[in-house]
Amino acid sequence: MINYGILLAALVSVFVFIQTTTSGLRRGKNLPPGPRRIPILGNLLQVPVLRPYPKFREWAKEYGSVFSLKLGPQNIIVLNSAKAANDLLNTRSKIYSSRAPPHVAHDIMSDGQRLVFLPYDTEWKTAHKSLTSALRPAAHAKAVRNVQELESRVTIFDLMKHGDASLDPKFSERAVIEAEVPDTHWFALIRRYTTSVVMTAMYGNRVNKAIKNPRLHKIYDVLANFAHVGQPGNYLADLFPIIRKLPDFLAPWRIAGRKMHEWEMDLWGGLLDEGKKVLSNGTANTSYVNTYLRERSEGGHSMDVPGTGVTPDGFLRDKLIAYTAGTVLEAGSDTTASTMQTFILFMLAHPPVLERVRAEIDAAVGAVNGSDGRMPEFEDEDRCPYFVACIKETLRRRPPTIMGIPHLADEDDEYEGMFIPKGSTVIGNVWTIHLDPAVYPNPMAFQPERFLHTDGKKMQWGSGPEARDRDHYVFGWGRRFCLGSQIAEASLFIVLSRILWAFDFAAPIDPATGRAKVPDITDEEGTFTSGFVSVPRIYPVSFKPRSKGREEIVMRAYDEAQAAWDVLGLERDVN
Ligand code: HEM
């Protein structure tokens, strides 16, 4: 009987040895400084795979604004200052716009079609262009804002009805905290909002219930699995290309990856098929999928264009459309939801900030001298500079995309005398950049006023790729800059301002100490998940309307939203 485990280990060792002796140890030119490596594995054993950012910050302190690592044969260049990241990823974006896709997550699980991992090639350019025209122009942004305004009414109503369910002691057990977000937890109500906004923009469908909604669950399951499978360094086959040549019977990751692909396609392919059905039934809407399918038909194609990639006349084939729209759902859901959850956490941890920001919002909507005023609107933004600063400070102090999404150098390059070899993975180390004391004094402190302009200038958001507009780097750099930054910022503004206006929210009291049990924001391990999108673990909060009058306004706003869904031809909410 052959022992396949031993055979596999032996083969891996031989392949790794050959690979490394032929390429891995050739260091040659003047690479950026970095920790000492060992043969074959490089720095692999020194990098905590699931939570690398604290270690990377330590190394940045030791080696400076650019350091280098080797994970197996792969060169990793880490940029630890805003200047270095701007100089390379923005100014030289012609060279640094590609990706180093993880083999298992991208090539196998996504059949090479996941936009966020696509190299800087025709497929990415075509898919990116199609999305830019769906997400960026003013007319589309306005339609999305209308949906954001209505969806946020639903979320405030949901929190009023179900928010307190998170106080149930069963949610504080460790096992639950580590697992998925339970249906009735307030985190799930926020997730419904963010996913519904992008779902409507992509497919023209709402997510009209948070509880017992298998599709919403599946989206977050796919997302969690992707974050896990795509974690750099998770598979030897990601690091050592030569291992990918092993036959199927020695490559269990390949078999698992193919199964995951089918499971993902049930979701993304299923959503595309529904979009086709809507169009075949003669319904046109402004969603990305509907618009794209119409344009493709007008371009002479039938409804089905099977396969991957792009047609010779420049249209996305079905699988690339499915993954492109799916990527937006992935990219826009938990990033935005978790920022809202982090914001609430920072408010609970900083009562004087909460008091100040709430007073600003109340004043903006006329909720003064015992009046309830009205719900905040987008138009109130100019009157709420401190609130905008609080959102920025949340994104700075605890970015969900904690080390950005790695870019790839398409050519050999040189920066300040250091050599950056073609094919290097280049990481804009957001965590370290955001904690640079030279730019953000007292960086661990939550101090929104650091973003307030003292010269009377209007408060700007961080949504432009231009370096001069940037207060933080949460949305990335250059040509790969986040396509949904404006949608994200608008969501953060409308939902959070309405929560602040509507509710007294509080963490439960610990009977042992008599004090509120607010998760410790300095405890990265205990309070935030690991993975390349690192977000708060669930925590309980109670949501009480601040007055009877506000409760009535919220109920009315919810009813009006239901009527508005009818007018827009979208489904009403199910509670
Ligand atoms: C707070 C919320 C969000 C954060 C922190 C965030 C962050 C990011 C980051 C770091 C990147 C990669 C940038 C780079 O490679 O340099 C990215 C890419 C992307 N984001 Fe966002 N994002 C957010 C919300 C959204 C929303 C709401 C949408 C859609 C409506 C969206 C759509 C995308 C897309 C499509 C990409 C892929 C770009 C590419 O690979 O070419 N994001 N985002």
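Indexing begins at 1, ligand by ligand and atom by atom, following the structure's order. Computation of the quantities below employed the complete heavy-atom set of this structure, encompassing side-chain atoms and omitting hydrogens, waters and symmetry-equivalent molecules. Index from 1, following the sequence.
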Chemist: Donor-acceptor pair, Thr91 side chain versus Asn86 backbone, under 3.5 Å?
Modeler: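 It does hold such a pair.
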Chemist: Does the residue Arg479 have a heavy-atom contact with ligand 1, meaning some pair of atoms that are separated by less than 4.0 Å?
Modeler: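 Arg479: no contact with ligand 1 (<4.0 Å).
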Chemist: Are the ring centres of Phe493 and Phe387 closer than 6.0 Å?
Modeler: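 Centroid separation for Phe493 and Phe387: below 6.0 Å.
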Chemist: Could you list the atoms of ligand 1 found under 4.0 angstrom from a heavy atom of Gly476?
Modeler: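 Those atoms are 13 (C), 14 (C), 16 (O).
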Chemist: Show the numbers, then the answer: is there a ring pair (Phe, Tyr, Trp, His ring centres under 6.0 Å) between Trp431 and Phe56?
Modeler: CA-CA 9 Å; Trp431 176 245; Phe56 279 28; over 10 Å; no
Chemist: Please state which part of Ile405 comes within less than 4.0 Å of ligand 1, counting heavy atoms only: side chain, backbone, both or neither.
Modeler: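 Both backbone and side chain.
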Chemist: For atom 33 (C) of ligand 1, what is the nearest protein heavy atom, given as residue, atom name and distance?
Modeler: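 Protein heavy atom with the smallest distance to atom 33 (C) of ligand 1: Ala331 CB, 3.5 Å.
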Chemist: Regarding atom 22 (N) of ligand 1: of the candidates Ala490, Gly484, Cys482, which has the closest heavy atom?
Modeler: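 That would be Cys482.
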Chemist: What I want to find out is whether Glu149 reaches Arg145 closely enough, with some N-O distance under 4.0 Å, to be called a salt bridge.
Modeler: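 Answer for the salt bridge query: no.
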Chemist: Got an N/O contact under 3.5 Å between His407 and ligand 1?
Modeler: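 Between His407 and ligand 1 (N or O atoms, distance only) the closest approach is under 3.5 Å.
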Chemist: Distance under 4.0 Å to a non-hydrogen atom of Ala488: what atoms of ligand 1 satisfy this?
Modeler: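 Every atom of ligand 1 under 4.0 Å from some heavy atom of Ala488: 2 (C), 24 (C).
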Chemist: For atom 41 (O) of ligand 1, which protein heavy atom lies nearest, and how many Å away is it?
Modeler: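 The answer is Trp124 NE1, 2.7 Å.
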Chemist: For atom 26 (C) of ligand 1, what is the closest protein heavy atom, and at what distance to 0.1 Å?
Modeler: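 I find the closest protein heavy atom is Gly332 CA, 3.3 Å.
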Chemist: Pairing donors with acceptors under 3.5 angstrom, does anything connect the side chains of Ser93 and Arg480?
Modeler: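 The criterion, which ignores hydrogens and geometry beyond distance, is not satisfied for Arg480 and Ser93.
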Chemist: Report the nearest protein non-hydrogen atom to atom 30 (C) of ligand 1: residue, atom name, distance rounded to 0.1 Å.
Modeler: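 Protein heavy atom with the smallest distance to atom 30 (C) of ligand 1: Val198 CG1, 3.5 Å.
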Chemist: Write out the residue and atom name of the closest protein heavy atom to atom 37 (C) of ligand 1, then the distance separating them to 0.1 Å.
Modeler: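 Here the closest protein heavy atom is Leu115 CD2, 4.1 Å.
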Chemist: Side chains of His350 and Gln447, heavy atoms from C-beta outward: is any pair under 4.5 Å?
Modeler: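 No, too far: nothing below the 4.5 Å cut-off.
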Chemist: Hey, does Trp477 come in under 3.5 Å of ligand 1, counting only N/O atoms on both sides?
Modeler: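 Yes; at least one N/O pair falls below 3.5 Å.
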Chemist: To check your reading of the model: name the closest protein heavy atom to atom 36 (C) of ligand 1, its residue, and the distance in Å.
Modeler: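 I find the closest protein heavy atom is Leu483 N, 4.3 Å.
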Chemist: Any chance the rings of Phe343 and Phe446 have centres within less than 6.0 Å?
Modeler: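 Phe343 vs Phe446: aromatic centres not under 6.0 Å.
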Chemist: Which value, rounded to the nearest 0.5 Å, describes the distance between Arg51 atom CZ and Glu525 atom CD?
Modeler: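 Between Arg51 CZ and Glu525 CD, I get 4.5 Å after rounding to 0.5 Å.
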Chemist: Judged on heavy-atom distance to atom 7 (C) of ligand 1, which of Thr339, Val474, Thr335, Val430 sits nearest?
Modeler: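 The residue whose heavy atom sits nearest atom 7 (C) of ligand 1 is Val474.
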Chemist: Over 60° means perpendicular and under 30° means parallel, so classify the ring planes of Phe503 and Phe543, tilted if in between.
Modeler: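 Ring orientation, 0 to 90° scale: perpendicular.
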Chemist: Is the Phe226-Phe117 ring centre distance short of 6.0 angstrom?
Modeler: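 Here the rings of Phe117 and Phe226 have centres that are less than 6.0 Å from each other.
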Chemist: Please state which protein non-hydrogen atom is closest to atom 39 (C) of ligand 1 and give its distance, to 0.1 Å?
Modeler: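 Answer, as residue, atom name and distance: Arg480 NE, 3.5 Å.
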Chemist: How far is atom 4 (C) of ligand 1 from the closest protein heavy atom, and which atom is that?
Modeler: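 For this ligand atom, the closest protein heavy atom is Phe475 CE2, 3.6 Å.
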